[in-house]
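Written out below as structure tokens is the structure these notes cover.
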2 protein chains.
Amino acid sequence: MSQPPPVAVYRSNAHLAHAGLVELLAGRQIPCYESPERAVAIERALLGAGGYELREPQAFGLEPILAVHDRTLVDVVEHAWTDALAAGADGSHPLIPDTFKLAAYSGPMEPLALPSAAHLRLGAFCFDTATPMVAGTAAAARAAVDVALSAAHAVVDGAALAYGLCRPPGHHAARAMLGGYCFYNNAAIAAEWLRRDGGFARVAMLDIDYHHGNGTQQLFWERGDVLYCSLHADPARAYPYFSGFASERGAGAGEGLTRNFPLPADTSLDGYADALSEALDAVAAFDPDAPLVVSLGFDTFERDPIGDLALRTADYAEIGRAIGGMGPRTVVLQEGGYAVDAIGANAVAFLGGLREGREAG
Amino acid sequence: MSQPPPVAVYRSNAHLAHAGLVELLAGRQIPCYESPERAVAIERALLGAGGYELREPQAFGLEPILAVHDRTLVDVVEHAWTDALAAGADGSHPLIPDTFKLAAYSGPMEPLALPSAAHLRLGAFCFDTATPMVAGTAAAARAAVDVALSAAHAVVDGAALAYGLCRPPGHHAARAMLGGYCFYNNAAIAAEWLRRDGGFARVAMLDIDYHHGNGTQQLFWERGDVLYCSLHADPARAYPYFSGFASERGAGAGEGLTRNFPLPADTSLDGYADALSEALDAVAAFDPDAPLVVSLGFDTFERDPIGDLALRTADYAEIGRAIGGMGPRTVVLQEGGYAVDAIGANAVAFLGGLREGREAG
């Protein structure tokens, strides 16, 4: 029996300079959960497990980003930090907005003018106080997109599976909105690239991060060619609060192609597997011709500091097997997960299960 | 010569229990500028100056508030604190939202469901991190409305001038939005009450707070019966950033009846008086039959900790004289002003000037 080829793990060191240090939870400064150590821990665990090969991403430039995000958002990500410095900030504190442009204020007055300086308009684009920006943020966000696109490219080129160790994550980034530790929507950009450049007609996205992927949902809400299925903590109790209810199912050509599975607190593998099974049925019914795009979060872990679900490390192997059993080629892209001491083992379990599921399937 | 009758100063002690202690500026905790001491300092200074009579407000109930604000906003103001306690908060920290429902996320998906708990939906209504809520906030906000309505009522009943020492302030509160230290829009509620209950056809509002009154602007944007003129720091550099540009002039029946006068940093009396003169010309041209409603801020003061204009105490007497010279009866309602050591003297100067202007006019 020959060994299966190693799985490509795309990763970049650009993320190391994106370290916000603090975020705000209900008005209190806390250490930023979304830390460089998360990605480093996953890399180390995969190298230790064997069967994985770390690879640098290719550079895809801004075009695939602009296929998904408004230029106004890209301008804010690219210039907020430098505009703040030009306005006199000393660079010792991450950029966190304090004033937001709410939906409750839109209406007959729109469109309203905005300040020209990117850091002063940040609150029109960033929806929370948990997404600190620093000098290295823009480059890290671009590199995370390159990581995602490199993984997608590898699968289009014939690999059965590729893993993009994206950091910062992406699924909370919408067309003209960032937040939730996310700047550019890595998974959505990969899905759109599969449609436009990969030559595929239908892309299915499965989001198993603890949080609803509000950005991904918005981007494909009216699209008939992209299915978005998300398992997440019920927004009635959990971030991001203002989306992810089961009643949200898409519109127009996308009617029924957004599927949300909100989960109660303390959900363990049994309940999780039921929802996952429903989501995978929806994927099968959609009959995608493109590789499956998985937004992978480990904040569903029982000891995650910001989650309240109850998955254990061994459970991720089961979840990986179920997803791998779907058969199609798979692009796995990292989103959240904040229990740094367990995130590596959880990644090894998930990817190992996924490989087993593929081989069995 | 007989002494003029004392000017009625409506005030309530309910505001004392609304003390947020901290707010967040660009992600950093700072002591809350909008403090009970502000109103106490004004009361003391007016009593010391003589010619003023402190009065308790009448209770007007929720009806005049609901004539201006959505029930959803009132529900959040009334229940956010108690819902947070019911969810396990220990009450030791003010309620400050961390996740916001941005205009950038509205669109085809709307209307989206919201969490039922008021504290979890707060970020759909509150647009900043500078508006801490505590146990006493809801009662203080209601009392500030009663203060404003009592002042309006006194003028309708024949007084030439009444002053409502509102705290919390109001002009940043829009139909379904709170923020900027504001919960209910005291001045807008008074203006609407003058229309509905006062029997007047046209109300002019003059806002001389340092900040644009984004809430007041939204509430009367399409109204032909209410003129809103605001002098404020240019939103290109100053809070609330996303409104108050000169290009915003109202729409529909209200076209031309919103007038914004953005001011550069370091504006002193000369530049200020020019803009004020233009605003007063607009008021005269509108020919209101109702008392003039003035939103009064002293954050235009040269030493204000969050402003960058350059008005001095004596300048407020000049500004008061110019407004008093307009002739109509006047309802003055307190908004901002954060130089606590000077705010009393500034109030004495402004109200004294206004009385002189009336007598000369």
Side-chain angles (χ1 to χ4, degrees), chain A residues 22-29 73 87 89 93-110 112-117 120-121 123-130 132 174-177 179-180 214 217-218 221-222 235-237 239-243 245 247-248 251-252, chain B residues 22-29 73 87 89 93-110 112-117 120-121 123-130 132 174-177 179-180 214 217-218 221-222 235-237 239-243 245 247-248 251-252:
Chain A
V22 295
E23 63 179 78
L24 299 172
L25 182 66
R28 294 186 226 228
Q29 274 199 358
L73 178 79
H93 196 270
L95 202 54
I96 295 177
D98 52 29
T99 307
F100 299 83
K101 189 165 186 293
L102 289 205
Y105 200 66
S106 66
M109 281 185 296
E110 292 290 345
L112 289 169
L114 294 176
S116 55
L120 295 181
R121 55 168 61 193
F125 294 87
C126 176
F127 72 93
D128 67 14
T129 57
R175 185 165 309 287
M177 189 169 85
N214 50 342
Q217 169 168 302
Q218 187 214 44
W221 183 253
E222 297 183 293
R237 73 172 190 284
Y239 182 95
Y241 306 112
F242 311 131
S243 68
F245 294 91
S247 54
E248 297 160 23
Chain B
V22 295
E23 63 179 79
L24 299 173
L25 183 66
R28 295 186 223 227
Q29 274 199 359
L73 178 79
H93 196 270
L95 202 54
I96 295 178
D98 53 29
T99 308
F100 299 83
K101 190 166 185 295
L102 290 204
Y105 200 65
S106 64
M109 281 184 297
E110 293 289 347
L112 289 168
L114 294 175
S116 56
L120 295 182
R121 55 168 62 192
F125 294 88
C126 177
F127 72 93
D128 67 14
T129 57
R175 186 165 309 286
M177 188 170 85
N214 50 341
Q217 169 167 303
Q218 187 213 45
W221 182 253
E222 297 184 293
R237 74 173 189 283
Y239 182 95
Y241 306 111
F242 311 131
S243 67
F245 294 92
S247 54
E248 297 160 23

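So you know, we letter chains A, B, ... as the sequences are listed, proteins then strands, and number each from 1.
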Per-residue contact mode, A/Ala124 against chain B (heavy atom under 4.5 angstrom): both
Top contributor to chain A contacts, counting heavy-atom pairs under 4.5 Å, from B/Gly123, B/Ala130, B/Pro235: B/Gly123
Heavy-atom pairs under 4.5 Å with chain A, option from B/Gln29, B/His93, B/Arg121 with the top count: B/His93
Worked verdict on A/Asp98 versus B/Thr129 for side chain to side chain contact (heavy atoms under 4.5 Å, CB included): CA-CA 5 Å; A/Asp98 52 29; B/Thr129 57; 3.4 Å; yes
Heavy-atom contact with chain B under 4.5 Å, split by part of A/Gln218: both
Contact winner vs chain A - B/Ala117, B/Ala113, B/Ser247, B/Ala236, heavy-atom pairs under 4.5 Å: B/Ala113
Segment of B/Phe127 engaging chain A (4.5 angstrom heavy-atom cut-off): both
For residues 100-110 of chain B, dump all side-chain donor-acceptor pairs below 3.5 Å to protein atoms at least two apart in sequence or in another chain.
{"from": "B/Lys101", "atom 1": "NZ", "to": "B/Glu110", "atom 2": "OE1", "distance (Å)": "3.3"}
{"from": "B/Lys101", "atom 1": "NZ", "to": "B/Glu110", "atom 2": "OE2", "distance (Å)": "2.6"}
{"from": "B/Tyr105", "atom 1": "OH", "to": "A/Asn214", "atom 2": "O", "distance (Å)": "2.7"}
{"from": "B/Ser106", "atom 1": "OG", "to": "B/Ala103", "atom 2": "O", "distance (Å)": "2.8"}
{"from": "B/Glu110", "atom 1": "OE1", "to": "B/Leu112", "atom 2": "N", "distance (Å)": "3.3"}

Check: B/Asp128 side chain, A/Thr99 main-chain N or O, donor-acceptor pair, under 3.5 Å: no
Option that, when pairs with chain B are counted at under 4.5 Å, heavy atom only, ranks first among A/Glu248, A/Met177, A/Arg175: A/Met177
A/Phe242 to B/Leu114 - nearest heavy-atom pair and separation: CD2-CD2, 3.4 Å
Contact summary for A/Phe245 and B/Pro115, nearest pair of heavy atoms: CZ-N, 3.9 Å
All salt bridge (Lys or Arg N to Asp or Glu O under 4.0 Å) counterparts of A/Arg28, not counting sequence neighbours: none
Per-residue contact mode, A/Ala174 against chain B (heavy atom under 4.5 angstrom): side chain
